[in-house]
A.B. asks: 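A single structure is presented below for examination.
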Amino acid sequence: MSENSENSQAPGTPTASGTPQATPPGPQPEPIRFFGTTWVDHDGGYALRRAGVAAGSLATAVAACFVLRFAFQGLQIAEVGSLVGMLVIAMFAICSAVAFRKTWESFGARPKDPAREDALRGLKSIGFIGSLLAYFVRSLIEAPGEKLRRTEYETARTQFEKRRSTRTGNPAARKRPKRR
């Protein structure tokens with residue numbers, strides 16, 4: 001996806017006028033998929049992007065449900081039995097619930113155990129409808145992951161300003177106390 005807003009470009013890249021952007025000192029905001037860094041000031045079409053992400057994730061989830069329905073009808077045509085049909089429905093329901101929960105949790109906190117998240121990747125792939133629905137619901141509230149990144153960014157900015165304010169002047173030019 002091409003992002004044209006000046007705020008979502010990488011620092012130091014030329015703008016439409018050909019002049020490079022000035023990179024402010026200190027920590028830079030982490031871009032969010034589909035939003036870039038427009039989440040910082042809610043500019044650059046942020047509201048339109050949120051509406052697009054919400055509509056896109058919901059439409060994709062609905063389309064995926066139709067695909068799963070056709071797959072289930074294929075199982076019925078093959079006459080595999082009601083037990084297999086119930087197992088398939090249970091598998092997709094459980095995997096979707098787990099994927100929803102894990103995706104929702106990832107919007108609020110970084111994973112404590114990345115290895116466990118990698119192990120759940122297959123389960124979340126099967127329950128992709130749950131992930132899409134979590135993305136839809138979260139995009140109604142904010143850009144998915146915005147709260148986490150805003151907290152991290154504001155903490156980093158506060159720490160940067162605190163460090164910067166304590167380092168005033170050139171320490172080498174300070175007068176040393178005279179020894180007696």
Side-chain angles (χ1 to χ4, degrees), residues 1-71 92-160:
M1 175 175 173
S2 173
E3 297 175 2
N4 294 328
S5 81
E6 227 176 73
N7 204 13
S8 63
Q9 292 177 343
T13 57
T15 59
S17 63
T19 59
Q21 283 181 290
T23 304
Q28 299 301 313
E30 184 180 345
I32 298 176
R33 183 183 303 154
F34 304 121
F35 295 91
T37 57
T38 60
W39 60 269
V40 176
D41 295 322
H42 292 181
D43 61 353
Y46 172 81
L48 188 60
R49 290 176 192 220
R50 262 189 47 205
V53 166
S57 59
L58 183 62
T60 306
V62 168
C65 287
F66 278 117
V67 169
L68 288 178
R69 181 173 182 247
F70 294 139
F92 276 108
I94 291 169
C95 291
S96 290
V98 170
F100 182 93
R101 190 178 118 241
K102 288 296 183 183
T103 303
W104 190 264
E105 288 173 356
S106 73
F107 296 145
R110 301 277 180 188
K112 291 178 178 63
D113 186 9
R116 180 178 162 103
E117 291 299 315
D118 287 342
L120 289 175
R121 185 172 292 155
L123 187 85
K124 287 173 29 177
S125 295
I126 293 169
F128 65 99
I129 293 174
S131 292
L132 288 168
L133 291 176
Y135 217 77
F136 166 71
V137 172
R138 193 57 169 216
S139 62
L140 294 176
I141 302 167
E142 65 179 6
E146 178 181 346
K147 183 178 180 182
L148 171 66
R149 287 182 177 84
R150 185 172 302 281
T151 303
E152 291 173 348
Y153 177 62
E154 288 174 356
T155 301
R157 291 292 300 176
T158 303
Q159 290 173 351
F160 174 77

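Given the structure is predicted, the values throughout are model-derived calculations rather than measurements. In what follows, residues are counted from 1 in the order of the sequence shown.
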A.B. asks: Taking atom CZ of R116 as the centre, report whether more than 12 heavy atoms of other residues, nucleotides or ligands fall under 6.0 Å from it.
C.D. replies: no
A.B. asks: Can you name the closest pair of heavy atoms from G108 and L148 and give their distance?
C.D. replies: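 Looking at all heavy atoms of both residues, the closest pair is O-CD1, 3.7 Å.
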A.B. asks: Is a side-chain N or O of S57 found less than 3.5 angstrom from the main chain of A54, in a donor-acceptor match?
C.D. replies: yes
A.B. asks: Which heavy-atom pair separates F92 from L68 by the least distance, and what is that distance?
C.D. replies: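 Closest pair (atom of F92, atom of L68, distance): CZ-CD2, 3.5 Å.
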A.B. asks: Let me confirm one number: the CZ-OG1 distance from R150 to T155, rounded to the nearest 0.5 Å.
C.D. replies: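 Interatomic distance, R150 CZ to T155 OG1, rounded to 0.5 Å: 12.0 Å.
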A.B. asks: Identify whether the distance between the nearest side-chain nitrogen and carboxylate oxygen of R110 and E152 falls below 4.0 Å.
C.D. replies: yes
A.B. asks: Determine, step by step, whether W104 and V137 satisfy the side-chain contact (heavy atoms from CB on, under 4.5 Å) criterion, reporting the C-alpha distance in whole Å, the side-chain angles of both residues, the deciding distance to 0.1 Å, and the verdict.
C.D. replies: CA-CA 9 Å; W104 190 264; V137 172; 3.7 Å; yes
A.B. asks: To the closest 0.5 Å, what do you measure between OG1 (T38) and OH (Y46)?
C.D. replies: 7.5 Å
A.B. asks: Looking at R138 and T103, would you say the former's side chain and the latter's main chain have a donor-acceptor pair under 3.5 Å?
C.D. replies: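 The answer is no, because no donor-acceptor pair under 3.5 Å joins these two groups.
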A.B. asks: What closest approach, in Å, do F35 and P144 show between heavy atoms, and which atom pair accounts for it?
C.D. replies: CE1-CD, 3.8 Å
A.B. asks: Looking only at heavy atoms, what is the nearest atom pair of S139 and F136, with distance?
C.D. replies: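 Looking at all heavy atoms of both residues, the closest pair is OG-O, 2.8 Å.
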A.B. asks: Could you tell me whether a side-chain N or O of Q28 sits under 3.5 Å from a main-chain N or O of G26, the two making a donor and an acceptor?
C.D. replies: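 Yes, Q28 side chain to G26 backbone: donor-acceptor pair under 3.5 Å.
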A.B. asks: Taking L140's backbone N and O only, do any of them form a donor-acceptor pair with R50's side chain (distance below 3.5 Å, no angle check)?
C.D. replies: yes
A.B. asks: Say you draw a straight line from CZ of R69 to CZ of F66; how long is it, rounded to the nearest 0.5 Å?
C.D. replies: 7.0 Å
A.B. asks: Quick one: list whatever passes ring-ring contact (aromatic ring centres under 6.0 Å, His included) with F107, sequence neighbours left out.
C.D. replies: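 Per chain and number, F107 pairs via ring-ring contact (aromatic ring centres under 6.0 Å, His included) with Y135.
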A.B. asks: Quick one: CG on L120 to CD1 on I126, what's the gap to the nearest 0.5 Å?
C.D. replies: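 Output value for this atom pair is 11.0 Å.
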A.B. asks: Nearest 0.5 Å please: distance from the CG atom of L132 over to the SG atom of C65.
C.D. replies: 9.0 Å
A.B. asks: Which value, rounded to the nearest 0.5 Å, describes the distance between R49 atom CZ and I32 atom CD1?
C.D. replies: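 Rounded to the nearest 0.5 Å, the CZ-CD1 separation comes out at 11.0 Å.
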A.B. asks: Does E30 offer a backbone N or O that forms a donor-acceptor pair with the side chain of W39 under 3.5 Å?
C.D. replies: yes
A.B. asks: Quick check: do E105 and E117 have side-chain heavy atoms less than 4.5 Å from each other?
C.D. replies: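 Side-chain contact under 4.5 Å: no.
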